[in-house]
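Treat the numbers as computed from the prediction; the structure is a model and nothing was measured. Indexing begins at 1, ligand by ligand and atom by atom, following the structure's order.
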Amino acid sequence: MFFKLTRISKSFNGKQVLNNISFTAEKGDIISFIGPSGVGKTTLLKIIAGMETPDSGDLIFNTEPGDKNPAVMVFQDFLLFPNMTVFDNVAFGLRATKTGRQVIQKKVMEMLDCFQVREKAGQYPKQLSAGQQQRVAIARAMVINPGVLLLDEPFANLDKNLKADTALFIRNTQKQFHTTTICVMHDQEEAFSMSDRIGIMLDNRLVQFDRVDRVFHEPLSIEAAAFLGPVNRLTPETAGKLTIKNNGSGEDLDFSTGNYYFRAEAATISSNSQGHWTIVQIVFLGTNISYHLQCGTAVFQVHTLYNGFQTGDRVDLLIHRILRGENHEKNSFTAGDDSLDPVLPKTDAPTGGPYP
Ligand SMILES: Nc1ncnc2c1ncn2[C@@H]1O[C@H](COP(=O)(O)OP(=O)(O)OP(=O)(O)O)[C@@H](O)[C@H]1O
């Protein structure tokens with residue numbers, strides 16, 4: 001354990017913004033918290049940074065952050081000093097600790113090398129691209145050897161391609177330095193590509209905290225699954241109008257519980273003029289097409305590669321992988337809390353993709 005939060009709660013003006021948050025971070029972990037706006041992600045980061053005090057709960061560090069290993073937070077707008085060169089921006093924290101000139105020169109240039117902005121050392125922030133500014137901001141934090149690096153929306157100001165590159169870059173550099181890194185963000189793709197573990201925050205609670213693959217493939221609740229993309233809830237009526245493959249144990253599934261569902265990507269459709277399902281809408285998503293299929297009053301979304309279907313076509317629906325999860329209100333999850341067993345996911349299908 002590197003540090004551990006146990007049952008952290010926080011309210012502002014009587015409104016709860018964090019409800020009983022618990023998790024454990026290991027040394028060198030890259031952890032991202034994702035969730036809708038206002039669920040308390042930045043507040044959580046500030047509590048870890050020591051900038052906010054929780055109303056209740058404990059934050060326990062294995063090695064308490066101090067001058068030699070501070071908890072450093074890089075904010076969304078990363079606030080480089082506009083009137084200082086890149087070199088001086090990165091050197092700022094070291095100068096504040098009265099480090100010698102030669103040591104500063106060496107450490108800063110090493111960091112600029114590592115973050116691939118050495119040739120920008122003499123330039124000012126406004127002469128850099130958004131991605132380069134972001135890298136300088138992280139270099140400025142890293143040069144003072146943080147015990148824990150806290151990144152608030154690190155991709156907020158970057159375009160899509162730059163987000164993907166920066167996510168990989170942050171992952172590789174953080175693994176090289178073995179710096180425990182906690183991020184909060186809206187960008188799911190980047191969270192998945194960058195992190196070892198992900199926490200999903202909904203309604204001011206941590207509803208799932210696990211390895212990236214498990215968060216995606218074994219959601220603990222339909223709400224956690226739905227946060228990552230469209231899901232379709234099965235009823236006895238709809239389940240009778242489609243084919244289910246890879247149903248794992250072969251146990252009878254009680255669709256009347258409403259606890260079974262599938263992701264939009266976990267199904268394929270095939271042409272059948274007598275099929276139960278009619279394509280009622282087609283939405284272009286880029287690589288994939290989102291087909292909206294109707295049967296009676298039910299409308300499901302299926303994401304597949306373009307395969308020439310038109311609105312009004314009748315089709316059959318094949319589900320490759322069914323998920324099971326209760327409403328997260330019932331499915332209370334407190335990761336890292338030794339006094340409680342985390343609720344284990346209950347999938348019926350074998351774990352792991354890819355979907356055929
Ligand atoms: N210092 C404060 N005083 C009063 N209310 C605050 C304070 N800080 C945050 N809040 C409120 O707490 C709630 C959670 O804010 P927070 O910034 O933690 O959410 P978030 O999940 O990071 O949102 P976003 O994704 O939009 O940045 C918001 O309603 C916000 O207005």
Quick one: closest heavy-atom pair of E190 and A164, and the distance? OE2-N, 3.8 Å
Could you identify the single nearest non-hydrogen protein atom to atom 24 (P) of ligand 1 and state the distance to 0.1 Å? S37 OG, 3.6 Å
Could you check atom 25 (O) of ligand 1 against the protein and tell me its nearest heavy-atom contact, residue, atom and distance included? K41 NZ, 2.8 Å
For atom 19 (O) of ligand 1, what is the closest protein heavy atom, and at what distance to 0.1 Å? G40 N, 3.3 Å
Tell me whether Q294 at atom CD has more than 12 heavy atoms from other residues, nucleotides or ligands lying less than 6.0 Å away. yes
Closest protein heavy atom to atom 29 (O) of ligand 1, given as residue, atom name and distance to 0.1 Å: K15 NZ, 4.5 Å
Is it true that a side-chain atom of S195 and a backbone atom of A191 form a donor plus acceptor pair closer than 3.5 Å? yes
Evaluate the side-chain proximity of D152 to K46: yes if any heavy-atom separation is below 4.5 Å, no if none is. no
Atom 31 (O) of ligand 1 protein-contacted (non-hydrogen atom, under 4.0 angstrom): no
Name the option, out of I34, N13, T43, L18, that contains the heavy atom nearest to atom 16 (P) of ligand 1. T43
Write out the residue and atom name of the closest protein heavy atom to atom 17 (O) of ligand 1, then the distance separating them to 0.1 Å. T42 CB, 3.6 Å
With heavy atoms of H186 as the reference, note each atom of ligand 1 found under 4.0 Å away. 25 (O)
Taking NZ in K175 as the centre, count heavy atoms belonging to other residues, nucleotides or ligands within less than 6.0 Å. Is the count above 12? yes
Taking the six-membered ring of F2 as reference, does the NZ or CZ atom of K27 fall below 6.0 Å from its centre and within a 45° cone about the axis? yes
Check for me whether V39 has a heavy atom closer than 4.0 Å to any atom of ligand 1. yes
Is atom CD of E119 surrounded by more than 12 heavy atoms (other residues, nucleotides or ligands) closer than 6.0 Å? yes
Any nitrogen or oxygen of F12, side chain or backbone, less than 3.5 Å from one on ligand 1? no
Which protein non-hydrogen atom lies closest to atom 14 (C) of ligand 1, naming both residue and atom, and how far is it? G38 O, 3.6 Å
What protein heavy atom sits nearest atom 12 (O) of ligand 1, and how far away is it? V17 CG1, 3.1 Å
Is I34 close to V184 at the side-chain level, that is, under 4.5 Å between some pair of heavy atoms? no
